[in-house]
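Report on the structure given below.
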There are 2 protein chains.
Amino acid sequence: MANSETADSPMAILVDDDAEVRDSLQELLRSVGIESMSFSSAQDVLSAKLPSRPGCIVLDVRMPGLSGIDLQQLLAAKDIQTPIIFLTGHGDIAMSVEAMKAGALDFLTKPVRDQAFLDAVSTAIATDIARRAALAVAQKNSALYESLTPREREVLSFVVSGAMNKEIAFGLGISEITVKLHRSNMMKKMNARSVSHLFNVCQSLPADIQCRLRIASAAGKPIARPGARGHFAN
Amino acid sequence: MANSETADSPMAILVDDDAEVRDSLQELLRSVGIESMSFSSAQDVLSAKLPSRPGCIVLDVRMPGLSGIDLQQLLAAKDIQTPIIFLTGHGDIAMSVEAMKAGALDFLTKPVRDQAFLDAVSTAIATDIARRAALAVAQKNSALYESLTPREREVLSFVVSGAMNKEIAFGLGISEITVKLHRSNMMKKMNARSVSHLFNVCQSLPADIQCRLRIASAAGKPIARPGARGHFAN
DNA sequence: AGGCAGCCTATACCCAAGTCTAGGGTGCCT
DNA sequence: AGGCACCCTAGACTTGGGTATAGGCTGCCT
């Protein structure tokens with residue numbers, strides 16, 4: 001039926017060693033219009049090229065070879081953050097708690113009520129759509145940041161920390177006018193019209209870059225300061 | 001032993017209907033220098049005045065009257081966000097998953113290994129310390145925000161959205177010079193030296209206030225704009 | 001050797017932001 | 001009626017940020 005949309009329609013990934021389970025779940029998902037693909041082992045998932053579509057991964061825990069829990073960790077190590085739902089007949093509390101702490105979105109037990117399963121999958125897909133949207137923004141902005149020269153990045157650090165041009169100039173040991181140049185170029189590259197916009201762009205930047213920003217700007221210390229520069233005092 | 005420190009030392013709260021369990025856990029915690037108080041029912045916790053110290057709540061699930069799960073929800077409703085650890089002999093996977101989804105930090109089963117219990121409590125306490133630190137900052141900044149007049153709050157919204165004074169003036173239907181006045185007063189009250197600092201202050205503001213900011217500033221739209229004002233173009 | 005990117009500097013000018021002073025209006029509380 | 005908080009406005013001025021133009025330096029690639 002619905003097959004023409006290989007684009008961005010959600011895709012559930014089922015991993016279970018029991019073919020019967022896979023088929024019935026796929027059928028169930030198809031009945032509500034959710035496409036799915038299935039694997040019979042964790043290894044198959046790792047070696048397969050997963051589609052870059054919003055979706056979720058439904059994992060059995062006990063399988064020959066790698067367990068579902070193992071796969072969860074391996075996927076995390078590969079930085080694959082597609083939401084994971086566990087679905088198992090052989091689990092215990094400790095296992096479910098570990099899985100949840102490791103970021104699983106849900107942990108269902110077989111036999112599962114159809115509606116409970118569909119709800120979990122829907123929630124997971126919605127989560128993934130939101131996650132991917134945020135990721136897309138982060139990557140776009142990350143590319144902007146990468147286009148900056150070293151100097152421009154230093155200036156950026158100072159700017160987001162609230163330093164004035166003259167402070168930046170002092171901090172970098174260059175003239176204020178040069179700071180203006182770098183700053184101006186940086187703002188253009190970051191596609192920011194004002195400091196506020198710059199902040200918004202920086203906000204949705206990968207965590208590692210944000211760290212670099214804060215560390216670098218530690219020199220330019222902001223925060224408080226009662227009678228700083230004849231401004232507020234008086 | 002350690003009793004003189006009623007100040008900010010951590011305090012675990014144990015809730016279990018079994019006096020023997022309570023006593024042995026308290027003893028265990030005392031052995032590693034963690035103070036604790038215990039309750040025999042969920043009702044007692046709700047009616048008691050909980051100490052405002054960093055800590056965690058250790059909850060049995062099955063108790064006469066309100067269950068641990070019930071108590072978790074009631075505490076959440078009362079906006080008490082002290083980390084919760086479940087410790088139960090009568091749980092199932094569904095229950096543990098629901099508890100974890102509802103924000104529980106851990107879900108242990110009796111009999112519990114001493115070390116596992118202590119680890120969970122330590123982690124929870126550390127979490128709470130961090131949470132409370134963040135909360136303290138949020139409350140301080142929230143107080144700053146509350147001290148603003150309605151006009152100043154409107155101006156703040158525009159400022160964080162990157163609007164220029166003249167845009168703010170147009171948006172509010174007042175003169176640019178009045179905007180400067182409000183803006184200046186607002187910056188002083190918010191204890192911010194620059195737009196960047198203002199942003200940092202706003203960042204650590206309660207979520208509800210941040211919402212108000214964004215909604216209000218939706219009028220002043222930021223983002224992109226190729227040839228906006230003769231600046232970049234040319 | 002020439003071209004290019006990145007870095008630094010300078011002068012000059014414009015505009016946006018912030019301050020100071022000095023007013024006028026409203027509504028609320030005592 | 002006076003005091004106060006909040007809101008609005010104006011003119012004159014200072015400072016900070018941004019642009020344009022114009023130049024010199026290094027190092028890398030072709």
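Heavy atoms only: backbone and side chains are in, while hydrogens, waters and symmetry mates are out. Remember, it's a predicted structure, so these values are computed and weren't measured experimentally. Below, chain A is the first sequence line, B the second, and so on; all start at residue 1.
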Quiz item: Hey, is B/Arg53 close enough to B/Glu35 for a salt bridge, meaning N to O under 4.0 Å?
Solution: yes

Quiz prompt | Separation of C/dA16 P from A/His197 NE2 (nearest whole Å) | solution = 15 Å

Quiz prompt | Distance-only side-chain donor-acceptor flag, A/Thr82 / A/Asp128, under 3.5 Å | solution = no

Quiz item: How long is the line joining CZ of B/Arg153 and C1' of D/dC7, in whole Å?
Solution: 15 Å

Self-check item: N or O in side chain of B/Thr149 less than 4.0 angstrom from D/dA5 OP1/OP2
Solution: no

Quiz item: B/Arg183 has an atom CZ; how far is it from atom P of D/dG16, in whole Å?
Solution: 15 Å

Practice problem: Output yes when at least one side-chain N/O atom of B/Asn165 is less than 4.0 Å from OP1 or OP2 of C/dA16, else no. | Solution: no

Exercise. Rounded to the nearest angstrom, tell me the gap between atom CG in A/Leu198 and atom P in D/dG17.
Key: 14 Å

Exercise. Identify, with sequence neighbours excluded, every residue that meets salt bridge (Lys or Arg N to Asp or Glu O under 4.0 Å) alongside A/Lys140.
Key: none

Self-check item: Check: B/Lys180 main-chain N/O paired with B/Ser184 side-chain donor or acceptor under 3.5 Å
Solution: no

Exercise. Output the single nucleotide from C/dC8, D/dG16, D/dG17 whose closest atom is nearest the side chain of A/Arg151.
Key: C/dC8

Quiz item: Rounding to a whole Å, what distance do you find between A/Asn185:CG and D/dA20:P?
Solution: 11 Å

Quiz item: Should A/Glu146 and A/Arg153 count as an ion pair when the cut-off is N to O under 4.0 Å?
Solution: yes

Quiz item: Is a salt bridge present between B/Glu154 and B/Arg183, judged by a nitrogen-to-oxygen distance below 4.0 Å?
Solution: no

Practice problem: Please name the pair of heavy atoms, one in A/Glu152 and one in A/His182, separated by the smallest distance, quoted to 0.1 Å. | Solution: CG-O, 3.9 Å

Exercise. Would you mind reading off the bend of the helix from C/dA1-D/dT30 to C/dT30-D/dA1 from its two end axes, five pairs each, to 10 degrees?
Key: 30°

Quiz item: For B/Ser184 and C/dG18, is the shortest distance between a side-chain N/O and OP1 or OP2 below 4.0 Å?
Solution: no

Practice problem: For B/Lys188 and D/dC6, give me the distance from atom NZ to atom P, rounded to whole Å. | Solution: 14 Å

Quiz prompt | Approximate separation, where rounding is to 0.5 Å, of B/Asp60 CG and B/Asp16 CG | solution = 4.0 Å

Quiz item: Rounded to whole angstrom units, what separation is found between the CD atom of A/Glu167 and the P atom of D/dT15?
Solution: 16 Å

Quiz prompt | Length of the line joining A/Leu172:CG and C/dC7:P, which is rounded to integer Å | solution = 11 Å

Quiz item: Which distance, rounded to the nearest 0.5 Å, do you find between the CG of A/Asp119 and the CG of A/Asp106?
Solution: 9.5 Å

Quiz prompt | Interface residues of residues 173-182 of chain B with DNA chain D (non-hydrogen, below 4.0 angstrom) | solution = B/Ile174, B/Ser175, B/Ile177, B/Thr178, B/Leu181, B/His182

